[in-house]
Amino acid sequence: MPQRYDLIVVGAGTAGIPAAITAAEGGARVLLLEQSDRPGGMLHVSAAQMSGADTALQRARGIADDPAAHYQDALRISRNTCDAALVGKAVALCGPTIDWLMSLGFDMDPACPAILHFHEAYRIPRTYWGRDGGRSVLRVLLPLLDQALARPNLTLRLRTEVVGLLAVGPQGGVAGVRLRDAGTGETEEVRAGRVVLATGGYGGNPAMFARLNGLPLYTAALPIATGRGIELAEAIGARVRGADLLLPTFAGIEEEPGSGRVVWHHLPSLTPQTRPPWEVFVAPDGRRFVQEDVESVDARERALLNEPGLTFWAVFDETVWRNAPPMLPGWTQDELAAAWDRHPSFTTAPTLRELARRAGIDAAGLTATIADYNAGQACGADAWGRRHLPCPIEVPPFRAVRMHGIILKTPAGLAVDEALRVLDGAGEPIPGLYAIGEAIGGATLSGNAFVGGMSVTPALAFGRWLGGELARQCAGGAA
Ligand SMILES: Cc1cc2nc3c(=O)[nH]c(=O)nc-3n(C[C@H](O)[C@H](O)[C@H](O)COP(=O)(O)OP(=O)(O)OC[C@H]3O[C@@H](n4cnc5c(N)ncnc54)[C@H](O)[C@@H]3O)c2cc1C
């Protein structure tokens with residue numbers, strides 16, 4: 001006799017693990033399905049900077065904050081392009097989620113809470129991160145998952161991919177999933193009254209990114225971010241929203257040429273609050289496209305969004321190479337030497353014209369740009385209003401490093417209401433189907449911006465909230 005489940009959670013990642021644990025603790029019979037061979041999802045690579053207001057850590061430091069201020073900041077940063085109702089729900093849950101992590105011995109970096117500038121800054125210190133990024137979060141979640149798996153009412157199946165949703169009834173609705181066991185290759189149908197899609201975004205799927213966002217993908221997401229859950233729901237009538245709200249993160253270097261994967265752990269230091277730029281940033285036509293030291297990263301990201309293929313070069317000379325603080329601080333001398341020797345994104349040349357030819361930049365555009373930049377250095381008035389003018393770019397050899405706007409989370413996802421029920425094209429809930437985490441679209445809580453911490457924290461928070469809510473429904477016998 002097949003086992004019976006009240007709830008199937010698809011995806012054992014940031015949102016799915018807390019959802020499954022909380023639902024099982026509430027007494028629901030839960031099946032947690034994960035396509036890969038380990039739970040944890042994007043937390044294995046995510047920086048997992050989180051945000052939350054009115055936390056015990058803030059109070060201990062005398063920082064006055066509350067969810068209303070967090071909400072206002074999120075709306076300001078997103079320029080009102082986020083889903084205000086869901087942001088309101090998230091900010092109420094985020095602070096308690098930080099406190100919950102701390103109560104479980106979370107390895108918080110002592111600098112937290114802080115104001116960071118890698119994404120557009122909050123007005124109040126409310127960003128938190130573990131000393132080991134997402135792995136610090138996993139060190140809390142995985143032991144909890146192990147404990148919960150000791151209960152008879154929670155089952156985890158790894159290497160099990162959901163390949164379809166079982167639709168029922170004249171009004172649609174979901175009655176379970178079709179899954180494929182990666183070991184045997186066999187497919188199977190498993191029924192349950194509720195299915196939660198916690199399948200993450202599509203940052204590992206260049207074809208889906210091209211379909212929804214019309215751009216090449218330079219990504220730091222793991223290949224498990226297939227977007228499959230979004231597509232499965234779309235196939236039964238769910239509404240996908242947010243594709244028009246893309247904003248890339250500024251910026252990264254491609255690993256292997258043509259791979260579309262970026263060197264995540266060695267990001268270039270492009271935050272002027274940390275390291276004022278010594279380089280000039282140029283587009284493929286050799287033009288500058290932004291004031292390199294503009295404090296707002298949002299302004300740099302929006303300018304990059306207008307450039308072909310989200311690609312630009314940081315151009316500099318021997319003087320900068322010898323005297324500037326490192327632009328690539330994570331790289332060892334050996335890694336740098338190898339990169340300058342053979343990585344196609346790293347170019348050197350004795351003249352600017354030759355640099356342009358080798359790198360693939362328009363030569364006339366680049367030489368005119370550098371002449372103009374050097375003239376600005378001489379008179380102390382930069383055409384783009386740049387304030388940091390350390391030296392002209394004139395001493396060979398010249399260097400260029402090709403960079404790209406990168407994807408940490410994808411904007412489009414399943415439209416949900418405040419109960420996290422997936423909505424169809426008419427805005428009606430699809431019975432039995434829920435979504436949490438990046439599957440609801442990175443833009444839902446960030447709009448066409450990057451609101452710091454508004455992926456990991458709400459993924460955890462919505463996971464815990466929905467797990468508890470669905471367990472209550474199951475206990476109450478609600479349909
Ligand atoms: C390098 C990097 C840095 C980041 N830094 C930050 C940050 O500092 N702060 C922040 O807030 N956000 C950050 N993000 C984004 C954030 O980490 C993610 O948005 C979030 O972790 C996603 O959580 P999730 O639960 O939706 O998905 P995931 O954690 O990716 O979990 C989804 C799980 O579902 C599984 N799955 C998918 N499809 C199926 C299927 N069909 N069947 C079975 N299983 C399936 C996947 O294998 C995966 O394990 C970063 C992302 C990256 C890549």
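In listed order, ligands and their atoms are each counted from 1. Being a predicted model, the structure only gives us computed values, none of them experimental. Residue numbers count from 1 along this sequence. Reckoned from all heavy atoms, side chains included, excluding hydrogens, waters and symmetry mates.
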Just by distance, no angles: are the side chains of [X] and [Y] close enough, under 3.5 Å, to form a donor-acceptor pair?
{"X": "H119", "Y": "Q49", "answer": "no"}
{"X": "Q35", "Y": "R228", "answer": "no"}
{"X": "T410", "Y": "E438", "answer": "yes"}

Looking at G52 and I98, what are the two nearest heavy atoms and their distance?
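Nearest pair, atom of G52 first, then I98: CA-CG1, 4.3 Å.
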
Under a 3.5 Å threshold, I'd like every N/O contact between ligand 1 and protein atoms, with atom names and distance.
from: ligand 1; atom 1: 5 (N); to: S46; atom 2: OG; distance (Å): 3.3
from: ligand 1; atom 1: 5 (N); to: A47; atom 2: N; distance (Å): 3.4
from: ligand 1; atom 1: 8 (O); to: A48; atom 2: N; distance (Å): 3.3
from: ligand 1; atom 1: 8 (O); to: Q49; atom 2: N; distance (Å): 2.8
from: ligand 1; atom 1: 9 (N); to: Q49; atom 2: N; distance (Å): 3.4
from: ligand 1; atom 1: 9 (N); to: Q49; atom 2: O; distance (Å): 2.9
from: ligand 1; atom 1: 11 (O); to: Q49; atom 2: O; distance (Å): 3.4
from: ligand 1; atom 1: 11 (O); to: S455; atom 2: N; distance (Å): 3.1
from: ligand 1; atom 1: 11 (O); to: V456; atom 2: N; distance (Å): 2.8
from: ligand 1; atom 1: 17 (O); to: S46; atom 2: OG; distance (Å): 2.9
from: ligand 1; atom 1: 19 (O); to: E438; atom 2: OE1; distance (Å): 2.5
from: ligand 1; atom 1: 21 (O); to: T14; atom 2: OG1; distance (Å): 2.8
from: ligand 1; atom 1: 23 (O); to: T14; atom 2: OG1; distance (Å): 3.1
from: ligand 1; atom 1: 25 (O); to: T14; atom 2: N; distance (Å): 3.2
from: ligand 1; atom 1: 25 (O); to: A15; atom 2: N; distance (Å): 2.8
from: ligand 1; atom 1: 26 (O); to: E438; atom 2: N; distance (Å): 2.7
from: ligand 1; atom 1: 29 (O); to: T14; atom 2: N; distance (Å): 3.1
from: ligand 1; atom 1: 29 (O); to: T14; atom 2: OG1; distance (Å): 2.7
from: ligand 1; atom 1: 29 (O); to: M42; atom 2: N; distance (Å): 3.0
from: ligand 1; atom 1: 30 (O); to: M42; atom 2: N; distance (Å): 3.3
from: ligand 1; atom 1: 41 (N); to: V162; atom 2: O; distance (Å): 3.0
from: ligand 1; atom 1: 42 (N); to: V162; atom 2: N; distance (Å): 2.9
from: ligand 1; atom 1: 44 (N); to: Q35; atom 2: N; distance (Å): 3.1
from: ligand 1; atom 1: 47 (O); to: E34; atom 2: OE2; distance (Å): 2.6
from: ligand 1; atom 1: 47 (O); to: Q35; atom 2: NE2; distance (Å): 2.9
from: ligand 1; atom 1: 49 (O); to: E34; atom 2: OE1; distance (Å): 2.6
from: ligand 1; atom 1: 49 (O); to: E34; atom 2: OE2; distance (Å): 3.0

What orientation do Y122 and H70 show, parallel under 30°, tilted 30 to 60°, or perpendicular over 60°?
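Aromatic pair Y122/H70 classed perpendicular.
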
Aromatic ring centroids of F250 and F312 under 6.0 Å?
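F250 vs F312: aromatic centres under 6.0 Å.
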
